[in-house]
Protein chains: 2
Amino acid sequence: MAKSTTPGNPAAVRQRGVTMKDVAKHAGVSRTAVSFVLSNRENASISEETRTRINHAVQELGYRPNAGARALASRRSDWYGIVTEIVTAPFAVDIIKGAQDQAWLDRRFLLIAPSDQADAVGPNQGLEDAATEKLLEQRVEGLLYAATFHRGVHVPESANEVPTVLINCFDADGKLPSIVPDERGGGRVAVERLLQAGHERIGVINLDPVIPAAVGRLEGAREALAVAGLELDPELVVSGYATADGGYDAACLILDRYPPKDRPTALFCLNDRMAMGAYDAIKERGLTIPGDIAVIGFDNQELIAAYLRPKLTTVALPFEKMGALGVQTLSALTAGQPIIADQQLVDCPLLERSSV
Amino acid sequence: MAKSTTPGNPAAVRQRGVTMKDVAKHAGVSRTAVSFVLSNRENASISEETRTRINHAVQELGYRPNAGARALASRRSDWYGIVTEIVTAPFAVDIIKGAQDQAWLDRRFLLIAPSDQADAVGPNQGLEDAATEKLLEQRVEGLLYAATFHRGVHVPESANEVPTVLINCFDADGKLPSIVPDERGGGRVAVERLLQAGHERIGVINLDPVIPAAVGRLEGAREALAVAGLELDPELVVSGYATADGGYDAACLILDRYPPKDRPTALFCLNDRMAMGAYDAIKERGLTIPGDIAVIGFDNQELIAAYLRPKLTTVALPFEKMGALGVQTLSALTAGQPIIADQQLVDCPLLERSSV
DNA sequence: CTGGGCATGTGACTTAGGTTACCCGCGTTA
DNA sequence: TAACGCGGGTAACCTAAGTCACATGCCCAG
């Protein structure tokens, strides 16, 4: 008697791996014919009858193509690799979602490799390199690099071997195409919204002033003010740590610096965490949002923005869209098509809630 | 003249794919020898000199093994697949992190497939099936299913073809091993902490009472009280929507129901979002945290817990650990080892911050 | 001087499937 | 009547590896 590890389990009866050979035998044709039918070759001439016989055999045997073997023989893996620190930082996980959805549409698989470093520059570049190396071993057809916050990065050299696109970051050496948020546009719409609500004296709670996000958003704010014939009062711009505490401290500074009549009537917080702190500072002083002070944030961190009371009006970072666009750009590159621009800006839309 | 797409780029000179054959030729040995050296076979007898010659050739040619071909020939893919809605719900992204880190340690690759459904039960099971199918085509050696919240799920049939482990969920049919948080233990430590701080009259802001999280956490709370000779007052348990607003409403109810002296001195919120709402209700009434009312949460949603003011003491869901344990369990299963238990409970540790 | 053993490798076969060149029989056409 | 085309299909080779049985060559013992 033959041994059976799982008697009575029909899945165990079916051999470990049903191959094309088995299907061919079952259908009484050559393996080549099966291959032609399954890969739906246009110039192959197989009669309708044989075709259905083969398809039946596929069904009956529960044949499942072996993606690895297929990739080997066809020299196309249908895989893209994405290297990201996002796995460690849930903040921008939407990039992955966007990329994966788009990849799924393009019938491609996304291989996600973790990069444990916040910064790809510097001596400890080993980890990205390992991730990139691993991905190339899998013969990915293209590479994506995604960062948790908008900045310049250095990408391992071996990335040059396949088409590569950067998401939410840009190549410090200026060679690779990238997808980044339109920070300036975001800053503009935020301040436009405040102006539209009648606020002319606007305090800004700024991030570290050198990072691209701060530079762009502030520039946008200035543009919006300029259109209204106003200028940004440098005294009303306070930088702080990019945390709730930082926002609290900065808000206190701004709010306490002036007598009530000179006090700004709106705060533009350059991220939602700082807005969270600003809320506390405002409430502590017995002021209401948006009655006494309107607040607008940036980033649209769902957990914060949607749950603050009142809900925070903020500008969203288009992570999902950037992810999708990254894959689209990569598809174009791997297909040999020219890409539109080296750096693509993606809109940061205003999310109207209740704090303005 | 030969055309060159990227003239002057040394990477372009190197042929598209360096294979073992090239390495062998370069080193003046057979392909077999190269294979033996690279796969570090113990029983292979290759002289030290040949070995270094081969390694040199590998370096010089920049040889990179083709993972697909290797998998095909060796019949081992070194891949695990994970099906998860997490890509769409950043909440529990740490499961992926834990799993991926562990997979990396085990020298395995994690293939992440998206499942767009909140619930694997029901007629629309197509998506998980597609994801599972795709993963099996890649010949993953094992499957993981991860859910965003602790619950029972149905897994597609084909998952039975390879070892499978469920993370943060359990098999509604009771056949597959699973890794879930020890909700009861978490509820216990939360209430123990409150008791230790001298609180005896504790309000509970409950979730939907039928979900496993609510059942377990409440049970744990009762246990802790019982040890102290106390009982849970049913009047002090209020269920609400699992949002900040729900928490606010529930907290208002509890706080306003009693005169100040009978009012509970502590609130156990069964998730952090509700705790966020409770904070507002408490502050609105001019009460202080933790002075007048202590608050303890559950879930440790970083963005909330670490940024609330005062920072929220809460019980953490051990996502990362569950992910790692899932992979460990899968490794054991694929190696044919017996597993410890069908359902493994993972501790939910208390995270001491400033709200108690 | 012959055979056994050991150290070093190697040819040939496998894995699962893609691809090309060609075969066979039959009807058309120059 | 030979050549050609065409529908229908197949043998044989290719992809990039792993693996096993066997082939050298050399030393030493019998």
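Every chain is numbered from 1 and lettered A, B, ... according to where its sequence line falls, protein lines coming before strand lines.
The nucleotide whose nearest atom lies closest to any side-chain atom of L72(A) is, among dG18(D), dA16(D), dG9(C), dA16(D). Closest to the side chain of S30(A), out of dA17(D), dG9(D), dT10(D), is dT10(D). When distances run from any side-chain atom of A69(A) to the nucleotides dA16(D), dG9(D), dG17(C), the shortest one goes to dG17(C). In the set dG18(D), dA16(D), dG17(C), dG18(D) carries the atom at the smallest distance from any side-chain atom of S39(B). Listed nucleotides: dT15(C), dG8(D), dT19(D). Nearest to the side chain of T32(B): dT19(D).
Using a 4.0 Å heavy-atom criterion, one finds that S35(B) contacts the bases of the nucleic acid, with or without backbone contacts as well. V34(A) comes within 4.0 angstrom of nothing in the nucleic acid, heavy atoms only. Counting non-hydrogen atoms under 4.0 angstrom, I46(B) reaches the backbone sugars and phosphates but no base.
For the pair D78(A)/R70(A), no side-chain contact is recorded, criterion being any heavy-atom separation below 4.5 Å from C-beta on. Between R64(A) and R139(B) there is a side-chain heavy-atom pair separated by less than 4.5 Å.
Atom CZ in F36(A) sits roughly 9 Å away from atom P in dT20(C) (whole-Å rounding). Atom CZ of R64(A) is separated from atom P of dG17(C) by 12 Å (rounded to the nearest Å). Remark: P of dT19(C) and CE of M20(A) are 10 Å apart, rounded to the nearest angstrom. Rounded to whole Å, atom P of dG17(C) lies 9 Å from atom CG of L38(A). The CZ atom of R76(A) sits 15 Å away from the C1' atom of dT19(C) (whole-angstrom rounding). Taking atom CZ on R31(B) and atom C1' on dT19(D), their separation rounds to 10 Å, with Å as the unit. Separating the CD atom of E48(B) from the C1' atom of dG9(C) is a distance of 15 Å, rounded to the nearest angstrom. The nearest whole Å value for the distance from the CD atom in E137(A) to the P atom in dA16(D) is 15 Å.
Listed pair T50(B) / dG9(C) meets the phosphate criterion, a side-chain N or O lying under 4.0 Å from OP1 or OP2. Residue R51(A) has no polar side-chain atom (N or O) positioned under 4.0 Å from OP1 or OP2 of dG8(D). In this model, the phosphate group of dG9(C) is approached by a side-chain N or O of S47(B) to a distance below 4.0 Å at OP1 or OP2. Between R70(A) and the phosphate of dA16(C), there is no side-chain N or O to OP1/OP2 separation shorter than 4.0 Å.
Partners of Q138(B) by side-chain hydrogen bond (donor to acceptor under 3.5 Å, both in side chains), not counting sequence neighbours: none found.
By the 30° and 60° cut-offs, the orientation of the rings of W104(B) relative to F109(B) is tilted.
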Steps toward salt bridge (charged side-chain N to carboxylate O under 4.0 Å, His left out) verdict (R108(A), E141(A)): CA-CA 10 Å; R108(A) 290 168 174 287; E141(A) 291 177 22; 3.2 Å; yes
Enumerate, atom names and distances included, each donor-acceptor pair closer than 3.5 Å involving a side-chain atom of residues 24-35 of chain B, sequence neighbours excluded.
unit_1, atom_1, unit_2, atom_2, d
H26(B), NE2, E60(B), OE1, 2.9
S30(B), OG, T32(B), N, 3.4
S30(B), OG, A33(B), N, 3.2

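One donor-acceptor pair, N or O on each side, does fall under 3.5 Å between the base of dG8(D) and the side chain of S45(A). Below the 3.5 angstrom threshold, one finds no donor paired with an acceptor across the side chain of R41(A) and the base of dG18(C).
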